[in-house]
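This report refers to the structure that appears directly beneath it.
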Amino acid sequence: MRRSNNPLIWAELCDLTLHSDIKALHERLIDQNIRLDALINAAGGVTLPQTPTAEGVNTSYALNYAATYWLTTELHDRLRKGARVLNVLGLALVAKNQPVLIPDDPSCAGLNGSQVIDAAFSNKMLFTQALAGRYKRDGITINCFNPGLIRTGMGADASAMAKTLRGLYNVPAKSESKLVAKLALDPRYTQTGILYNVWGHPVKMPEAHYTVQKRRDLLAFSETL
């Protein structure tokens with residue numbers, strides 16, 4: 001707020017890997033009577049080695065999926081009619097034909113780091129589909145966006161192979177941010193439960209993996225987080 005000199009801009013601190021912190025954020029928004037026109041779940045990252053949070057959830061899974069589940073469900077009453085929820089995925093879901101993996105327990109025991117991230121992103125997509133119909137009845141649109149790799153300094157010291165792969169989805173950060181804003185605010189994007197790719201085109205997910213039963217299983221598991 002101080003840097004922008006705009007009193008309508010402020011920051012709230014919250015550890016997104018902890019449900020208790022997100023609940024506290026929700027209470028602060030209620031106290032301030034804050035209503036939301038858009039909720040963009042874009043936090044992500046990988047923690048190595050795989051460790052649980054103080055609440056017993058694998059930290060990488062908590063940040064990349066559970067935080068999206070907690071924020072979206074906790075802040076549902078803060079979303080105005082006509083609001084947008086946009087869940088940002090990562091490069092892992094480029095392999096969109098991979099089966100959906102729902103962990104057996106919140107600690108993601110028995111899964112390696114790559115499997116945890118694959119589970120988190122596929123679960124975020126499945127969660128988006130699971131809520132689409134319910135949120136549509138409330139006048140809320142919920143979608144996913146896969147930005148691929150963004151053109152930043154990240155990976156500058158990587159191997160030649162990694163740099164080549166990085167170039168396949170090397171999108172300017174400004175272009176990506178404009179597309180996120182459009183998906184979150186443009187009234188022409190009326191579809192819900194959709195995955196949009198780096199070019200803003202809908203991507204059809206394989207029905208064999210993204211089934212109604214899988215959605216039910218994920219929601220049941222998410223309630224244990």
(message) Is a donor from one side chain sitting under 3.5 angstrom from an acceptor on the other, for T47 and S60?
(response)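 Note: T47 and S60 side chains meet the donor-acceptor criterion.
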Side chains of [X] and [Y], heavy atoms from C-beta outward: is any pair under 4.5 Å?
X    : Y    : answer
D77  : H26  : yes
N197 : N146 : no
R28  : L25  : yes
I40  : F145 : no
S122 : Y210 : yes
T192 : Y135 : no
Y196 : P202 : yes
F221 : P106 : yes

For [X] and [Y], work out which heavy atoms get closest and say how close.
X    : Y    : value
A54  : L18  : N-CD2, 4.3 Å
H209 : V100 : O-CG2, 3.6 Å
V116 : Q50  : CG2-OE1, 3.6 Å
Y65  : A120 : CB-O, 3.6 Å
N58  : C108 : CB-SG, 3.7 Å
K81  : D138 : CG-O, 3.8 Å

(message) Please say yes or no: joined through hydrophobic side-chain contacts below 4.5 Å, possibly via intermediate residues, are L185 and L36 part of one cluster?
(response)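 No, no single cluster joins them.
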(message) With a 4.5 Å cut-off on side-chain heavy-atom distances among I, L, V, M, F, W and Y, is there a chain of contacts connecting I30 to L75?
(response)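 Shared cluster, no.
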(message) Would Q32 and E12 count as a side-chain contact (heavy atoms from CB on, under 4.5 Å) here? Give the steps.
(response) CA-CA 12 Å; Q32 298 174 66; E12 294 280 351; 3.1 Å; yes
Counting only heavy atoms not in [X], do more than 12 sit closer than 6.0 Å to its [atom1] atom?
X    : atom1 : value
K136 : NZ    : no
E207 : CD    : no
D105 : CG    : yes

(request) Could you please spell out the steps behind the side-chain contact (heavy atoms from CB on, under 4.5 Å) verdict for N123 and I102? (result) CA-CA 7 Å; N123 290 179; I102 300 175; 4.0 Å; yes
Atom [atom1] of [X] and atom [atom2] of [Y]: how far apart are they, to the nearest 0.5 Å?
X    : Y    : atom1 : atom2 : value
T128 : L86  : OG1   : CG    : 8.5 Å
I140 : R80  : CD1   : CZ    : 12.0 Å
L13  : D21  : CG    : CG    : 9.5 Å
W70  : L16  : CH2   : CG    : 9.5 Å
T211 : M205 : OG1   : CE    : 12.5 Å
N64  : T59  : CG    : OG1   : 10.5 Å

(request) Can you label the angle between the F127 ring and the Y69 ring as parallel, tilted or perpendicular, going by 30° and 60°? (result)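 Ring orientation of F127 relative to Y69: perpendicular.
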(request) Start with the C-alpha distance between K23 and E74, add both sets of side-chain angles, then the distance that settles side-chain contact (heavy atoms from CB on, under 4.5 Å), and finish with yes or no. (result) CA-CA 7 Å; K23 285 183 175 179; E74 287 286 342; 3.5 Å; yes
Counting N and O atoms only, with roles assigned by atom type, does the side chain of [X] sit under 3.5 Å from a partner on the main chain of [Y], one being a donor and the other an acceptor?
X    : Y    : answer
R35  : R78  : yes
E55  : S20  : yes
Q129 : L126 : no

(request) State which residue, out of N41, N143, T68, fulfils the side-chain hydrogen bond (donor to acceptor under 3.5 Å, both in side chains) condition with N87. (result)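 The residue from N41, N143, T68 that satisfies side-chain hydrogen bond (donor to acceptor under 3.5 Å, both in side chains) with N87 turns out to be N41.
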(message) Is there a side-chain contact (heavy atoms from CB on, under 4.5 Å) between L101 and L111? Walk through the geometry before answering.
(response) CA-CA 10 Å; L101 173 62; L111 301 182; 4.0 Å; yes
